[in-house]
Peer 1: 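Please see the structure below; I have some questions.
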Amino acid sequence: MNFFIIALVFSAALVSFVLPQPKITRRIAGIFAALNFGAVLFFVWPYLSGAQKSFNGGWWFIDGFSALMLLLVAMLYLAASLVSNRYIKHEREEGAINDNRVKLYFSLLHLFALSMFTVLLSNNTLLLWIALEMTTLSSVFLVGLYKRKTSVEAAWKYAIICSTGITLGLIGILLLGYGSGFSGSEASAIFSLSALAEKAATIPAAIAKLAFVFIFIGFGVKVGLAPMHSWLPDAHSEAPSPISAFFSGILLNVALYAIIRFQVLTNTILGDNHWTINFFLVFGTLSVLLPVFMMIIQKNFKRLLAYSSIEHMGLILLALSVPPLGIIAAIIHMIGHTLIKSSLFFGAGEILLTYKTTAIDKVRNIFKTIPRTGVLFVLGILAIIGLPPTALFVSEYTMFTALLQTHVWLAIVIFAALSAIAFAMLRLTIIMTLPSDAEAPVAGVKEKWNVTHVVMITEIALVLALSFWFTSDSGLNFINGIASNLF
Amino acid sequence: MIINQVIATILQTILVLALAPFAVGLVRFLKARLQGRRGPSPFLPYWALATMFRKEMVISESASWVFRAAPFVVFASSLALVFMLPLVYRFGIFGGIADFLVISGILMLGSIFLVLGGIDSASAFGGMGSSREMTLAALSESSVVLIFATLSFINGSFKIDNLFGAQSVFSHPYLLLSMFAFILISLAENARYPVDNPATHLELTMVHEAMTIEYSGRYLALLEYASALKLTAFLILIANFLFPALSSEALGFGSGLMALVWTIAKVVVLCAALALFETVFVKMRFYRMNEYLSLAFFVSLLGLVVTLSVVGLNFDYATILAGLTILFVVFLFGQVRLSAILRYYALSSLAIAAIAFNLSLMSDRAEATHLWIFAAMTIIIKSIFVPIIVRAAQRRQKFVANLQSFLRPTSSYFLAIFLAVAIFFAMQQSAVVNIIGWNVMIYVAVVLLVLGLATMIIHRNIFSQIMGLFVVENGITIFILATVKSLPLLLELGIFAVVAISTIILSILSSQVREQYSSTDTENLRNLIE
C-alpha cells in the first residue's frame, strides 16, 4: 500500500515535469493530490481507529502516530495543490513567473510531498535521513521560485542552514547504529528503528545520549527551534503562499516527528525520559520567548505568521516535556496548528495577490476590499492565538494544566509570552481592518468566492469541530490511542 | 676499521667536491632544455670557477675584516657538511660527532657569516638581502628542529648517520610528511625556486644573490663553490632518505665503488627533478614566504604528531591516509582561491577513497565489494563531479573567485592546527571515547566536521559555504568508515545521490545569488533581517 502512495506521488511529479502544457500540469495536481488523499485515508484508517496497532515491514513502519501525520500531510498536500492552482495561475498571468517555472513548481511540489511521506513511512534511520534531506533539496527552488533578490537570499539561507543541520543529524544516526553494532547487533539491524528499540538495553547510554544531542540539534534546525530558526522567517515569507502553508503547517511537524521518534528510542535506551525532556523544555521555552520580541516589532504579515510558527513549535516541545498529559496536548496542538496555520498562509496569499505587498502598513480596510478573505483571515488569527472554542485552546489549556503542576514559574512566564504574542497579532490584524487615510489601493472589484476560501473554511470549520470532539470521550480515546505510541 | 673510515670520508669529500659544480651546471642545462633553449654546457661552472679564482678582486673601502673572513667561513661550513653528512658512505670518521644539533649549528654558522658579509659591504642590496635571509632563516629553523625531532624519535638516536641512513621510510611511511617538509626547507636553504631566483641579479626580491653582490674574484668563487656544495649535499641527503638502500657503509672495495656510482646517479636524477620543478613553478612574492614556510612548519609538525601517535600503537596505512585527509583539509582551510579549495577538496576525498580501499583489504568478500563501490563512488562523485560542477557554476559567471575571509592564510593554518589539537584533547576526555576506545579515524571525522563548520563561518562567501558543507559531509563519510564500515548498498547510493543533488542545487543557487547581488559575499545577503 505504501508503495502505491509513493508511486502515485512520484508519477505526479514525473507527469508534471514531462507534460508540455503548464495549464494541464496545474490542473492535474489537484486530481493527483485528491487520489493520494483517498489512498492515504484508506491506508491509515485501521491504525487511526485502533483496529490495528502497528505495521512493520522491514523498511517500512507505521503506527497510530505516523498514521496521523501521514493523514495531515495528505490533507495539506491536497489543500496546497488546490490553492496552488489558483495562486500560480494568477502569478503566471501577472508575469511574475514563466511557463518553465510553473512546471518546476508543480514537479517540486509533488517531490516535496513525496519526501515527507517517505520520512513518515520509513523504518530505516538512514532512509529517514535521506528523505528528510530530500525535503530540503526539493523545496529550495520552491522557496526561490521568484527570481528576486530576497527570494534567492531566503533560498540560500534555507539550503545552507538546513543542509548543515540535517547533516549533523546523520552523525547521531550513525552513532546510534554504531552503539548497537558495538554491543553485538547484526549489521542489518543497526539502522532499523524497530530493531534498535528491541535491542535498546544493550546500547551504551553515553553513546545514545551523544547521538540524541546530534539528532536533536540537527533536526531541530529543520523544525525551526530557536536559536537555530534564522532560516525560517525568511523562507516562509519569501516562498509562494501555498508553499509557506505547506512548510509551516506540516514540514516543521514532519521534522519534529523525526525528533520524537528518536526521543522515544533514546528514552527506551536510557530507561526513563528525564534526560531527553530537558532538551524539550529548554528549546521549547526559548522558541516561545524569542519570537515574542520579533513579533511585537513586526511589519510584515507573512513574517509575523512565520514567527508564530516558531512559537507554536516551541509550545509543542513544551507540551512534550510534561508527559504524559502533555503528549496529548502536543498531538492536539500539532493537528490544530497544521490546519489553522495553513489556512492563515492561504489567506495571506490572497491578501498578497490583491495588495501586492506583505507590508502591513500598505494593507488597509480588508473587510471592505476583500470581505471574504478578510473575515476568514481574522477568524484564523483568533484561532491561532488560542481563543476557545478551537483545538488550539484545548491543547494549550491541557498543556498549562500539566505545566503548572511541575514548573509553576515557567508556566507563568510562558503565559505572559503568549499574551504578548496575542497582543502583537491582534494589533496588526486590527490595523489591517482599519480604513486607510489615502484612497483605496484596489479599485472596487467585488471579491468572488474561490477555491482558497473553500479550503480555508473547511480548515477553520474542522478546527472548531475537532475542539468539541477532542473534549468528548471518543475523541479523547482517539488521541490517547495515538499518544500511547509515544511512551 | 679506522683506516676504512678515513678512506671513506676522504673519498666522499673528493667526490662531492668534484660533483658540486657539475650539479649546478646540470640544473641550469636541463632547465634551459626544458624551456626550449640550448643552454650552456653542464660543465661550464668548472671553467667559471677557475676563471674567477684567477681574477682580481675589487673590495669596498668601507669593508672590514668580516667581509674578508665571510667567504672562508661559509666555504668551511659547507666543507664541514660534506665531511660529516652520510652522503656517499655512512659512519665515516666524523660520524661520531655528527649530531643533528652540530649539523644545524654548522648550517647556521654559514648563513650567519654570509649575512654578515652582506651587511659589511654597506651596500643597499647587501643589507636588503641579509635582512631577508635572516627572516627566512628564522622561519625555517623551527621546521628543521621538528623534522630532526621526528626522525630521532623513530630511530632513537640523534646521530645524523642513524637518522638518514636507516631504512625507515618504508617501515614508517608517515615520514613522507617530514620528507615533504624537508624538501620545502631545502629549497629555501639553497635559495632555489619558489623562495629565491638563483639565475638573476635583476629581480628586486633576490636574497642570496643580493648578499654576494659585492664580492668578486676569489671570494665570489669561494661563495659560489660553497653554495654548490651545499646544494649537492642536500640533494644527496634527500635521495638517501628516499632510497636508503643505495647508500652503504664503507665495507669493502666493491660496494664502496658502487656507492660512488650510485651517488652520481642520484645527483643526476635529483638535478633533473629540480630543473623540472623550477620550470613548472614560479617564484613567490617575498611577502608570501611566511605562507610557504608556515606550510613547511605545519607539515613537519603533523609529521611529528602522526609519528608520536602511531609509533607504539598498531600502525596501519589508514592512519597515514587519515593524516593526509586532515592535511588537505588544513590546506583547504587556508586557501582563498576557489580552484585551490576545490583541488584540496578533491585530494582529501581521494584520500578517503584510499581509506575505504585499504579497509576492503582487511574485510571479507561481501564487505570488500561494498567498500570498493564506496571508494569508486567517492572518487566519481567527490573528486570529479563536485569540483567540475562547482567550477562550472563559477566559470559561468566569468569572475575570478577570490573568497573573502576574516583571517589571513597563515592565521587560518594556525587556527586549523589549534582546532585539531584541541579536539584531540577534548576527545580524550569524552565519555563516549572511553567506551569505544581511541580511534584515529573518528578523530579525523571530528576534525573534518569542525573545520568544515569553521570554513562556513570564517569565509563569508557562498562558495566557501558550499565547500564547508561538503567538508562536513566528508567528515561524516569517514565516520561511516570508522564505525559501521559499509552501509546497505541502496542507502549508500542514496547518500551519494544526496551529495550530487546538493551540488547541483547549490551551484544553480549560487549563480542566481551572483546574478542578483553581483557578488558572492554573504555579507551582502542582508535584505531579510527584520
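Protein chains get the first letters and strands the later ones, always in sequence-line order, with residue 1 at the start of each.
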Peer 1: With a cut-off of 6.0 Å (strictly less than), are more than 12 heavy atoms of other residues, nucleotides or ligands near CG of B:Leu489?
Peer 2: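 Above 12, so yes.
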
Peer 1: Of the backbone (N, CA, C, O) and the side chain (C-beta and beyond), which part of A:Leu127 lies under 4.5 Å from a heavy atom of chain B, both, or neither?
Peer 2: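 The answer is both parts of A:Leu127.
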
Peer 1: Are A:Leu168 and B:Leu449 close enough that some pair of their side-chain heavy atoms sits under 4.5 Å apart?
Peer 2: yes

Peer 1: Where on B:Ile505 is there a heavy atom nearer than 4.5 Å to chain A: the side chain, the backbone, both, or neither?
Peer 2: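 Both backbone and side chain.
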
Peer 1: Please name the pair of heavy atoms, one in A:Ser163 and one in B:Leu469, separated by the smallest distance, quoted to 0.1 Å.
Peer 2: CB-CD2, 3.7 Å

Peer 1: What closest approach, in Å, do A:Thr150 and B:Tyr517 show between heavy atoms, and which atom pair accounts for it?
Peer 2: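 Distance-wise, the nearest heavy atoms are N-OH, 4.4 Å.
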
Peer 1: Please state whether the side chain, the backbone, both or neither of A:Leu210 comes within less than 4.5 Å of a heavy atom of chain B.
Peer 2: side chain

Peer 1: Kindly compute the distance separating CE (A:Met134) from CD1 (B:Ile501), expressed to the nearest 0.5 Å.
Peer 2: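 A:Met134 atom CE to B:Ile501 atom CD1 measures 4.0 Å (nearest 0.5 Å).
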
Peer 1: With the side chain counted from C-beta on, respond yes when A:Phe141 and B:Gln512 share a heavy-atom pair under 4.5 Å apart, and no when they do not.
Peer 2: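 Yes, at least one pair of side-chain atoms sits under 4.5 Å.
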
Peer 1: Taking all non-hydrogen atoms of both residues into account, name the closest pair between A:Phe191 and B:Pro488 and its distance.
Peer 2: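 The answer is CD1-CD, 4.4 Å.
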
Peer 1: Please flag which part of A:Ala154 lies under 4.5 Å from any non-hydrogen atom of chain B: side chain, backbone, both or neither.
Peer 2: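 Answer is both: backbone and side chain atoms of A:Ala154 are under 4.5 Å from chain B.
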
Peer 1: So what's closer than 4.5 Å to chain B heavy atoms on A:Ile190: side chain, backbone, both or neither?
Peer 2: side chain

Peer 1: Distance from A:Leu170 atom CG to B:Phe479 atom CZ, nearest 0.5 Å?
Peer 2: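 One finds 9.0 Å between CG of A:Leu170 and CZ of B:Phe479.
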
Peer 1: Is A:Leu174 close to B:Ile476 at the side-chain level, that is, under 4.5 Å between some pair of heavy atoms?
Peer 2: yes

Peer 1: Using every non-hydrogen atom in the two residues, find where B:Met456 and A:Thr164 come nearest and quote the distance to one decimal.
Peer 2: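 Closest pair (atom of B:Met456, atom of A:Thr164, distance): CE-OG1, 3.3 Å.
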
Peer 1: With a 4.5 Å heavy-atom cut-off, do B:Ile495 and A:Trp129 have their side chains touching?
Peer 2: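 They are in side-chain contact.
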
Peer 1: Side chain, backbone, both or neither: which part of B:Ile462 has an atom under 4.5 Å from a heavy atom of chain A?
Peer 2: both

Peer 1: Would you say the side chain of A:Trp59 lies within less than 4.5 Å of the side chain of B:Leu491, judging by non-hydrogen atoms?
Peer 2: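 A side-chain contact under 4.5 Å exists here.
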
Peer 1: For residues A:Ala159 and B:Leu509, report the shortest heavy-atom separation together with the two atoms involved.
Peer 2: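 Shortest heavy-atom contact: CB-CD2, 4.1 Å.
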
Peer 1: Once rounded to the nearest 0.5 Å, what's the spacing between atom CZ of B:Phe470 and atom OG1 of A:Thr167?
Peer 2: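 It comes to 9.5 Å.
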
Peer 1: So, taking the atom named CD in B:Gln516 and the one named CD in A:Glu153, what distance separates them when rounded to the nearest 0.5 Å?
Peer 2: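 B:Gln516 CD to A:Glu153 CD: 11.0 Å, rounded to 0.5 Å.
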
